[in-house]
**Q** 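What follows is a single structure, and I will ask about it in a moment.
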Protein chains: 2
Amino acid sequence: MSRTPGRVPALPPTLADVAEVAGVSRQTVSNAVNNPDLLRADTLQRVQEAIDSLGYSPNRAARNLRTRTSHLIGLRFAPAQEGTANALMDRFVHSLVETSSAAGYHVLLFPGDPQDPTTGYDDLLRSTAVDAFVATDTYLGNPQAAWLESRRAPFVAFGRPWDNPGAGHPWVDVDGAAGTQVATEHLLSRGHERIAWIGWRKDQVIGEDRRSGWTRTMRSHGLATTGLASRSDDTVASGREAAAVLLDEAGPTGFVCASDTLALGVMHTLADRGMVPGRDVAVVGFDDSQVAQVVPPGLTSVRQPLEEVAVEIVRALEGLLGHPPERAEGVLLAPELVVRGTS
Amino acid sequence: MSRTPGRVPALPPTLADVAEVAGVSRQTVSNAVNNPDLLRADTLQRVQEAIDSLGYSPNRAARNLRTRTSHLIGLRFAPAQEGTANALMDRFVHSLVETSSAAGYHVLLFPGDPQDPTTGYDDLLRSTAVDAFVATDTYLGNPQAAWLESRRAPFVAFGRPWDNPGAGHPWVDVDGAAGTQVATEHLLSRGHERIAWIGWRKDQVIGEDRRSGWTRTMRSHGLATTGLASRSDDTVASGREAAAVLLDEAGPTGFVCASDTLALGVMHTLADRGMVPGRDVAVVGFDDSQVAQVVPPGLTSVRQPLEEVAVEIVRALEGLLGHPPERAEGVLLAPELVVRGTS
DNA sequence: ATGAAAGCGCTAACAA
DNA sequence: TTGTTAGCGCTTTCAT
């Protein structure tokens, strides 16, 4: 007897149920699922029919317990900052879900205390709830990566280990400087020469990286950058103020910004002054957020190839979790410019 | 002997390891974790110390296998439509992650084929990978809810069962008509009388619901709606066209829109004509997306209380998964208007 | 208040 | 190629 029949709610069928129906041992059913090559064709078919007729799927918990894996990838899900244009996470998470699903993994979301970036990881790790993590926001001073390494936790970072170039973990990142370089060259090709930069405060490595793309492009074209750069918080209000000051003091005809949020700030200032973006002054943002796509007249922006990022991350993850584990190299991807009405 | 020491990588400590250190049986350790009241104070403390010193966390897979639960909530994660302003999902998912985590659940994301809304559910269900689902996009004709009910899958819907008011599953939704009513009343109080509506095509129940809030408010103020309404796809381009036609043919001084995306379309048309939103014509959107928050001069919009939605959903979920299960009533929450520069 | 025994459903290792 | 045995780490049941 396999299970009391007719009981409600019926328990899902098990390996043993399938084995009984197919007239084979449980191990043979297991092999049919995991190593079908081992079975004789006719046996496989018989087992397969039993599986289908019962609607059998292996119980995850049992499999996880036995194999010491969960096929779950942990991702700390911090909220998008309200009032910024930065909805990268949404696009990235979707790509990651798609890609990892194709590789047999699901994504487990857990909350993180914004104050303590390591919150949540420890418990999932110790309870072996996930096989690995994808760590985002691995900017300078963020202890996540170092902490995970110290715990020997398998993880791939979305973001370079800025403060530790020789870090032992795999990472995938987007080349911000290359992005702002393309953006700056785009404005140059449109005839602009006085191109201003609005970026973040100096302690933001990512911002400095993006800024360097602007700087080097201007220099390589023999153009001065003095007085054309501004640093501020990543808010619309800050971008707005910075743009006003730059327009008054340096009279730029184009702006390259470290984020769409800042670019929106520029557009606010232009609106304040009755200027039309794309006609009077060019504006380029960074991230190709939804805002860039819908704001009139369309914000030209540097788009991160998040789909590729997800693919590379999952590739690295598969290496890490393979037998034997293989540590992937860091991968740096190039963003591309999406040209719209503001330039 | 509990475990070969010094082996790399070390396996996480188990109940047995803790028991050995604390000098008690495994069962007592289990009780210390799950039913601390059963232990004598000094025993509990000894066990607790052993747990802390070893850094023990119960193995999830083992616990899941034994208890037939996973403490995982499945959420189908479809991507935000590119080119629309609609990034509700991001905010909602975050709220859900926070809230369900507080209740001891994690959120498992799985991809869904946009063509077949039931993809993914079946496998997770049969493999007992999740305890329950949160189903979104349960609009008319979406077979998710009916399918899940037929499978006796525990789930809570974010969205009313429009086509089946007596549906047996718990749901949480936001009162769209109340939202557009507040939006319309707001414009009325600002002195507008010719207030246009731009919504979705007629087969979108949610759109019809939102429209009804505008209709009834106009009527209750003795104002005509004829010629002031337009239906279109939920894209910026459609909203833009609809606004142009309405401005030409009906000369409204204010627009209430079924989405921020459509409202952005209106703003495009205003920009095309050199009109200033908020000064020449008022615009109100729906969803309070990031776009609404950052676009100049700030888009007045109806904000869905997603944090509350998440709280109610988790509450219903806990009922569903409790012993005995309790089926929660449907919950309808009121949105609020966020007033910005466009009105 | 604590312990012993059994078993959740699966797969690794080995035997036939 | 298929079957048998053992055990992953935990909790439920029952005994002490």
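Residue numbers start from 1 in every chain, and the chains themselves are labelled A, B, ... in the order their sequence lines are given, proteins ahead of strands.
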**Q** Could you report the tightest heavy-atom contact between B:Val134 and B:Leu75, atom names first, then the distance?
**A**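 Shortest heavy-atom contact: O-CD1, 3.4 Å.
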**Q** Salt-bridge test for B:Arg46 and B:Glu49: reply yes if a basic N is under 4.0 Å from a carboxylate O, no otherwise.
**A**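 Not counted as a salt bridge, because no side-chain N and carboxylate O are separated by less than 4.0 Å.
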**Q** Supply the atom-to-atom distance A:Met89 CE to B:His94 NE2, rounded to the nearest 0.5 angstrom.
**A** 10.5 Å
**Q** Taking ring-ring contact (aromatic ring centres under 6.0 Å, His included) as the test, write out the residues that go with B:Phe155, two or more places apart.
**A**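 By the ring-ring contact (aromatic ring centres under 6.0 Å, His included) rule, B:Phe155 matches B:His169.
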**Q** Within less than 4.0 Å of OP1 or OP2 of C:dG9, is there a side-chain N or O belonging to B:Arg68?
**A**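 Yes, B:Arg68 has a side-chain N/O under 4.0 Å of OP1/OP2 on C:dG9.
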**Q** Using rotation axes that map the C1' atoms of four end pairs onto the next four (five pairs an end), what angle separates the end axes of the helix from C:dA1-D:dT16 to C:dA16-D:dT1, to 10°?
**A** 30°
**Q** Measure from CG on A:Leu65 to P on D:dC10 and round the result to the nearest Å.
**A** 9 Å
**Q** Does any N or O in the side chain of B:Arg76 come within less than 3.5 Å of the main-chain N or O of B:Thr136, such that one atom is a donor and the other an acceptor?
**A** no
**Q** Anything under 3.5 Å between a protein N or O and an N or O of nucleotides 14-16 of chain D, put it in a table, one pair a line.
**A**
none

**Q** Does any residue of residues 38-46 of chain B have a heavy atom under 4.0 Å from DNA chain C, and if so, which ones, in number order?
**A** B:Leu38, B:Leu39, B:Arg40, B:Thr43
**Q** Ignoring hydrogens and geometry beyond distance, is a side-chain donor-acceptor pair present between A:Ser70 and A:Asp131 at under 3.5 Å?
**A**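 Per modelled atom types, A:Ser70 and A:Asp131 side chains form a pair under 3.5 Å.
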**Q** Can you tell me how far P of D:dC10 sits from CD1 of B:Ile51, to the nearest Å?
**A**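 Spelled out: CD1 on B:Ile51 to P on D:dC10 is 10 Å.
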**Q** For A:Thr43 and A:Leu39, indicate whether the former's side chain and the latter's backbone hold a donor-acceptor pair under 3.5 Å.
**A**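 Answer holds: no.
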**Q** Round to a whole Å and report the spacing from CG of B:Leu54 to P of D:dG9.
**A** 14 Å
**Q** Could you tell me how the ring of A:Tyr121 sits relative to the ring of A:Phe133: parallel (under 30°), tilted (30 to 60°) or perpendicular (over 60°)?
**A**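 Perpendicular.
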**Q** Answer with yes or no whether the side chains of A:Arg63 and A:Asn34 bring together a donor and an acceptor at under 3.5 Å.
**A**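 Judged by distance alone, the side chains do pair up.
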**Q** Should B:Arg315 and B:Glu312 count as an ion pair when the cut-off is N to O under 4.0 Å?
**A**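 Yes, this pair counts.
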**Q** Test: ring-ring contact (aromatic ring centres under 6.0 Å, His included). Region: residues 25-75 of chain B. Which pairs qualify, not counting sequence neighbours?
**A** B:His71-B:Tyr105
**Q** What's the shortest heavy-atom distance between A:Val174 and A:Leu332, and which atoms?
**A**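 Scanning both residues completely, I find the closest heavy atoms to be C-CD1, 3.9 Å.
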**Q** What is the per-nucleotide protein-contact pattern of nucleotides 10-16 of chain C, from the 5' end, where B denotes a base atom under 4.0 Å from a protein heavy atom, S denotes such proximity for sugar-phosphate atoms only, and - denotes neither?
**A** BBBB---
**Q** Counting only N and O atoms by type, is there a donor-acceptor contact under 3.5 Å from the side chain of A:Arg327 to the main-chain atoms of A:Gly168?
**A** yes
**Q** Would one find a side-chain N or O of A:Thr28 under 4.0 angstrom from OP1 or OP2 of D:dG3?
**A** yes
